[in-house]
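A note on names: the letters A, B, ... follow the listed sequences, proteins ahead of strands, and every chain is numbered from 1.
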Amino acid sequence: MRQLEEAALKQWEHAFEADPAAKEKFYLTVAYPYPSGAMHVGHGRTYIAPDVIARFWRMRGRQVLYPMAFHVTGAPVIGISKRIARGDEKAIHLYRDLYRVPEETLKEFTNPLTIVRHFAAEYQRVMTSCGLSIDWRRRFTTVDPQYSKFIEWQWKHLWEGGHVKKGAHPVRFCPQCDNPVGDHDLLEGDKAEILKFVMVMFRWRDSFIPTATLRPETVYGVTNLWVNPTVTYVKVLVDGTTWIVSREAATKLSLQDHAVKEIEEIPGNSLIDQIVHHPLCGDVPVLPATFVDPDMASGIVMSVPAHAPFDYIALRDLQAEGRYQDIKPVSLIKVPHYGEFPAKDAVEKAGIVDQNDPRMDALTQEVYSAEFSSGKLLEKYGGETVRQARETVGILMTDSYNSSVIYEFDSRPVVCRCGGRVYVKILHDQWFLQYSDPAWKSQVEAHLAEMSLVPPEVRAEFERTIDWLKDWACTRRVGLGTRLPWDPDWLIEPLSDSTIYMAYYTIAHHLKKFNPDDLTPETFEFLFLGKDTPGLKNREELEVMRKEFEYWYPYDYRFSAKDLISNHLTFQLFHHAAIFPKESMPCGMVVFGMGLLEGAKMSSSKGNVFLLEDALEEFGADTVRMFLVGSAEPWQDFDWRNDLVYSTRKQIERFWNTIEETRNAERRTSGVDPWLISRLQQHIQKATEALERFQTRQALQEAFYAIESDLKWYRKRLPDGAAGGFALKELGSIWVRLLAPVIPFTCERLWCEIGGEGLVSFAPWPSADRSRIDPNLELAEELLLRTIEDIESIRKVIQITPSSITICVAPSWKKDVFASVATAPDRNTVIREIMKDEQVRRRGKAAQDAIKQCITLIHRLPPGIVEQYLKAEMNEIEIFDNARDFLERECSAKVHVVDAGESTLAKASAALPFKPAIVIE
RNA sequence: GCGAGUGUGACUGAGAGGCCAAAAGUGACCGACUCAAGAUCGGUUCUCGCAGGAGUUCGCAGGUUCGAAUCCUGCCACUCGCACCA
């Protein structure tokens, strides 16, 4: 196996380097990998499935380009290198033991570039061993200086097109690292969302007491504030006014765009029973409550007992002690199915005893969502729906009552990988790609409508993504990458530098030879857009490159896993739309499913991976390929199971043996040879159609299993001990080519052995010859097959060893009946209609039975067979007579064939067209 | 929670109103060849049946239809995405 693979790899070394040619092109690309670890079988499928498609179109005579590069921009490897430098055991274990990085190399992993270089080389090596037909001349990485020039050009274009703007933005932020943190940087709290609270500013003496709320509209129902008497609050100077907040809140505010200066401490209990004021609810007292969390937003909350179960129960608890008897809930929202005080109703209905009841959260949620979805403010507060009021009141407060917002996580803790606590910070000077721009969106939407999407179900998801996309923060402070041309303190964010690189591939191998400084924006304008600037350097060479770009672009299909729909795959459409003219816009996308390993999700961090290299070693490249594209269609999730993979290998061996066998086939014709050829045409046709639709699994069903099962019948039908005839000989060459895209190593060798010309990778794809399809012949074999099945099923039931079998073929008048039934417009009246015929009627009850049986039979037969039977005028007696040797061999009994009309056997009357009566003795 | 999708026999997975007890592959069982095999070949694999038949099945519960795995409604379970991240 090794030898076979190595031999093929040697032949392929430069074979797939594709240059523009006179024939039609097919350009496919796959999302390039981020090489921060070893490839597992899931990655394998991502590249193998497109390779099968690439190989298929190459054999169809297209000039195929399948390029590959490596995405190395971004922060992850920096984190990895730091962890390795720090001696982090988990990281070292992963890289040393799971990914098997040699000790000496691992030592150098403290340099992030070493990591990506190492794994990029590994990727290329393993991809090559998979037999991927990649043009490696075009390989690049996203930190190559030439690529950076390309990115600079792209961004200049976006900038000038008005797609990039500056703004402020709340992000998760780690003060220790002094950096925003993404999901993968979090130790804890990756599900936490940033919520936007409105701070309702109550006046107390010379200070504001901000109470943060998600429901500003409930301010009309505030009866008091809650302050935690055990907490020490602080009086702070915020942007020039004095506020009283928790100490935690002061820290948060300072990260959120406020100048904060502490003036003094204020013990919580000193605030109790103070009277505070807000214009929208008047004077209210401050009450004590230990449930108030100083680490939640401002650390002080307003109380709306009519509508917030927590507030209601806390107030009730206090009142039970005989305090604050004069405070009554103030209702402001009317909700169907609830009374004047929804919080009270809910608490009482649930039988809540005190504020420590664990059901309080669910109850709160219930009241909140009921009010939000169907609540209305009372007329005196404006009568708006809660949904509307929340917005109006929020705006009113910020505009007229000194409110501002504070961002806070909806769940905690949120902890950075460095161990430090994560806060919400407002980032300034952040650059955004304006994906929210309606004009840009509709441009993308319009193009999407013209694209080919596989499978079609993903279209809805793309449409929704376009609709939902907001502005994307497109610059970073740390990581590898290209600097923003007009603001070099910023790096371009890694998803944003990977949106139109498919165009770069088309000329990547030429660009390598350029001095990066010569790759000016004007150069790229010329190369990609054809815009000429006088005085361009290397003019002739650029002309050639421009031609090459025009030859390949736009790409035909882009392949990627489905998790990239909501970002990369949609982003790239935006960027194409912003930069390229209509004729360079992408044509299609194929979205893949995810991979499972023995039924469980594959995940490097959990160690649940099967390295692609190990799979290749253990099973061989062809087996891995055939399993990965044959076990499920590309867009379905697949499950790597060793036992199934193992049997795939046996199937390839079986195929090998059959091809060897075809070499011994004789040139003679046996009865079934034309049948095999006829069937073969249809399998070719169907396999071709399947691959055109990217259905690799379906294609294999036709090109492998269906052919195998025909061969089984073919062998059965051959005279005893005979070798195959001309059909088998012919099959060899076709079959090798049909399977070449999937198992190219095996087929390359077999192609050579059967005397094929050149490489099978470039051999012409078999085409179906319609003239060799013989429906009548196929129908005859179908009749034999069904009859044998009938005989078998009878034998199974009656349990005797037969000495003779009589096949009684239906008399010709029944064929007429059959035809009348089959063509009858109305099956309900068909009996009456047919019985009008004198010839039929005189047969009496037998005729009536025959009609009924024909109705059932026709119902059960595939429509195609019935149709063909009507056309064929087949002589069933002759068919059975000709196959008598075969039948006798199959049934180990003497076989007689008679016309049921001339038989005296009682059973004979049951004979129907295409379903002879069978008598076993 | 929101959006998109999926649920078929022991498993993977076709089927998208009558060809359906439901393709193909795997596994399991039986037999053949063999010193032997995870090899190869043949057969069986929902239940019942001494004549090719009948019955019950396609996440659950209803409904439409002469007829539903397939169409409609509700429910349940799983997968992916929900952004600053590759």
Side-chain angles (χ1 to χ4, degrees), chain A residues 31-34 36 71-77 169 171-172 180-186 191 193 365 369 427 430 432-433 435 455 457-465 467-476 479 493-496 498 561-568 571 591 593-594 596 599 601 630-633 635-639 641 643-651 653-654 657 697-698 700-702 704-706 708-709 712 715-716 786-787 789-800 827-828 858-866 907 910 915-920:
Chain A
Y32 51 24
Y34 183 79
S36 64
H71 189 213
V72 305
T73 38
V77 279
H169 188 62
V171 294
R172 286 186 298 228
V181 284
D183 271 350
H184 60 286
D185 293 324
L186 289 170
K191 285 187 299 290
E193 276 186 63
Q365 194 54 49
S369 40
L427 267 195
Q430 174 62 270
F432 289 89
L433 276 164
Y435 292 143
E457 296 87 67
V458 298
R459 187 171 294 276
E461 216 173 330
F462 273 107
E463 283 166 353
R464 208 193 78 87
T465 302
D467 182 53
W468 160 91
L469 269 182
K470 305 188 199 74
D471 291 347
W472 177 263
C474 59
T475 50
R476 294 288 174 275
E493 180 273 333
L495 285 186
S496 307
S498 299
K562 64 179 167 195
D563 52 351
L564 296 191
I565 293 177
S566 65
N567 49 57
H568 167 75
F571 289 3
V591 176
M594 317 293 280
L596 301 175
K601 201 166 163 179
S631 63
E633 298 294 5
W635 42 90
Q636 296 169 326
D637 295 349
F638 75 97
D639 189 3
R641 287 185 20 210
D643 56 341
L644 290 180
V645 182
Y646 189 83
S647 69
T648 304
R649 182 159 83 185
K650 288 195 289 191
Q651 286 158 352
E653 281 164 13
R654 254 187 351 243
N657 293 337
R697 176 190 157 87
Q698 183 59 35
L700 262 180
Q701 292 284 328
E702 289 295 335
F704 187 78
Y705 300 105
E708 227 187 15
S709 96
K712 200 164 155 182
R715 291 196 178 104
K716 230 188 224 186
R786 280 169 181 262
T787 307
E789 275 171 6
D790 275 355
I791 294 173
E792 280 309 316
S793 81
I794 296 166
R795 280 178 60 178
K796 223 175 89 189
V797 191
I798 61 170
Q799 305 273 354
I800 60 163
R827 280 179 188 164
N828 296 318
I858 286 167
H859 228 176
R860 291 194 168 176
L861 288 170
I865 286 190
V866 175
K907 263 277 159 203
K915 194 169 181 63
I918 294 159
V919 182
I920 299 180

_Spacing of the C1' atoms in B:U6 and B:G59 (rounded, Å)_ = 11 Å
_Contacts of type side chain to side chain donor-acceptor pair (under 3.5 Å), residue A:Glu633, not counting sequence neighbours_ = none
*Looking at every strand, decide which applies to A:Val458 at a 4.0 Å heavy-atom threshold: base, sugar-phosphate, or nothing.*
nothing
_Heavy-atom closest contact (A:Leu700 atom, A:Gly630 atom, distance)_ = CD1-CA, 3.6 Å
_Position toward the 5' end of RNA chain B (nearest nucleotide), A:Glu653 or A:Gln636_ = A:Gln636
*Side-chain donor/acceptor of A:Ser647 to backbone N/O of A:Leu644, under 3.5 Å*: yes
*Pick the P atom in B:U26 and in B:C78, then give their distance to the nearest Å.*
32 Å
*What does B:U65 pair with, Watson-Crick or G-U, if both distances are under 3.5 Å?*
none
*What string of B, S and - do you get for nucleotides 21-26 of chain B 5' to 3' if you count protein non-hydrogen atoms under 4.0 Å?*
--BBSS
_Any strand: nucleotide that pairs with B:G31 via Watson-Crick or wobble, under 3.5 Å_ = B:C41
*Presence of A:Lys712 side-chain N/O under 4.0 Å of B:U40 phosphate oxygens OP1/OP2*: no
*Within this structure, what is the CD-to-C1' distance between A:Glu792 and B:G53, rounded to whole angstrom?*
17 Å
*Compare the minimum distances between each of B:G52, B:A83, B:G81 and the side chain of A:Leu469, then state the nucleotide with the smallest one.*
B:A83
*Answer yes or no: does a side-chain N or O of A:Lys716 lie under 4.0 Å from OP1 or OP2 of B:G43?*
yes
*asked:* Classify A:Ala917 by what it touches in the nucleic acid, base, sugar-phosphate, or nothing, heavy-atom distance under 4.0 Å.
replied: base
*Got A:Ile791 and A:Ile920 here, is their nearest side-chain heavy-atom distance under 4.5 Å?*
yes
*Report the C-alpha distance between A:Glu493 and A:Trp472 in whole Å, list the side-chain angles of each, state the deciding distance to 0.1 Å, and finish with yes or no for side-chain hydrogen bond (donor to acceptor under 3.5 Å, both in side chains).*
CA-CA 10 Å; A:Glu493 180 273 333; A:Trp472 177 263; 2.9 Å; yes
*Rounded to whole angstrom, note down the P distance from B:A23 over to B:G9.*
13 Å
*Kindly indicate whether the side chain of A:Asn567 and the base of B:A86 share any N or O donor-acceptor pair separated by less than 3.5 Å?*
yes
*Look at all strands and tell whether A:His71 reaches a base, only sugar-phosphate, or nothing, counting heavy atoms closer than 4.0 Å.*
sugar-phosphate
*Residues two or more places apart in sequence or in another chain: which of them pass ring-ring contact (aromatic ring centres under 6.0 Å, His included) with A:Phe704?*
A:Trp735
_In whole Å, measure the gap between the P atoms of B:G18 and B:C71 for me._
11 Å
*asked:* Using heavy-atom distances to pick each residue's nearest nucleotide on RNA chain B, tell me which of A:Thr787 and A:Pro863 is more 5'.
replied: A:Pro863
*asked:* If I take atom CD in residue A:Gln430 and atom P in nucleotide B:C85, what distance separates them, rounded to the nearest angstrom?
replied: 10 Å
*Partner of B:U70 by Watson-Crick or G-U wobble geometry, both contacts under 3.5 Å, or none?*
none
*Counterpart base for B:C48, defined by Watson-Crick or G-U wobble contacts under 3.5 Å*: B:G53
*asked:* Once you apply a heavy-atom cut-off of 4.0 Å, does A:Ile920 come out as touching a base, just sugar-phosphate, or nothing?
replied: base
*What is the distance, rounded to the nearest whole Å, between atom CH2 of A:Trp635 and atom P of B:G5?*
16 Å
*When the distance from CD1 of A:Ile918 to P of B:G53 is rounded to whole Å, what number comes out?*
10 Å
*Between A:Phe462 and A:Val591, which heavy-atom pair has the shortest distance, and what is it?*
CE1-CG2, 4.2 Å
*Taking every non-hydrogen atom, the tightest pair across A:Ala473 and A:Phe432*: N-CD2, 3.6 Å
_Tell me if a side-chain donor or acceptor on A:His71 pairs with a main-chain N or O of A:Ala31 at a distance below 3.5 Å._
no
*Can you check the A:Lys915 NZ to B:C19 C1' distance for me, whole Å?*
13 Å
*Under 4.0 angstrom, heavy atoms only, what part of the nucleic acid is A:Leu564 near: base, sugar-phosphate, or nothing?*
base
*Report the nucleotide, chosen from B:G18, B:C85, B:G52, that has the shortest atom-to-atom distance to any side-chain atom of A:Leu495.*
B:C85
*For B:G3, which nucleotide in any strand shown is its Watson-Crick or wobble partner with both distances under 3.5 Å?*
B:C80
_Using the P atom as the point on both nucleotides, what is the distance between B:G43 and B:G25, in whole Å?_
11 Å
*asked:* Please give the distance between the P atoms of B:G31 and B:A36 as a whole number of Å.
replied: 14 Å
*Checking A:Asp637 side chain against A:Met594 main chain: does a donor-acceptor pair fall under 3.5 Å?*
yes
_Using the C1' atom as the point on both nucleotides, what is the distance between B:U70 and B:G7, in whole Å?_
14 Å
*Whole angstrom is fine here: how far is it from CZ in A:Arg459 over to P in B:G81?*
22 Å
*asked:* Between B:C19 and B:U64, how many Å separate the two C1' atoms, rounded to a whole number?
replied: 23 Å
*Looking at B:A86, B:A51, B:G18, which one has an atom nearest to any side-chain atom of A:Lys907?*
B:A51
_For atom CD of A:Glu457 and atom P of B:U6, their distance in whole Å_ = 6 Å
*Can you tell me the Watson-Crick or wobble partner of B:C19, both distances under 3.5 angstrom?*
none
*With a non-hydrogen cut-off below 4.0 angstrom, is A:Pro916 in contact with a base, only sugar-phosphate, or nothing?*
base
*Let me know the distance between CZ of A:Arg464 and P of B:G3, rounded to the nearest Å.*
8 Å
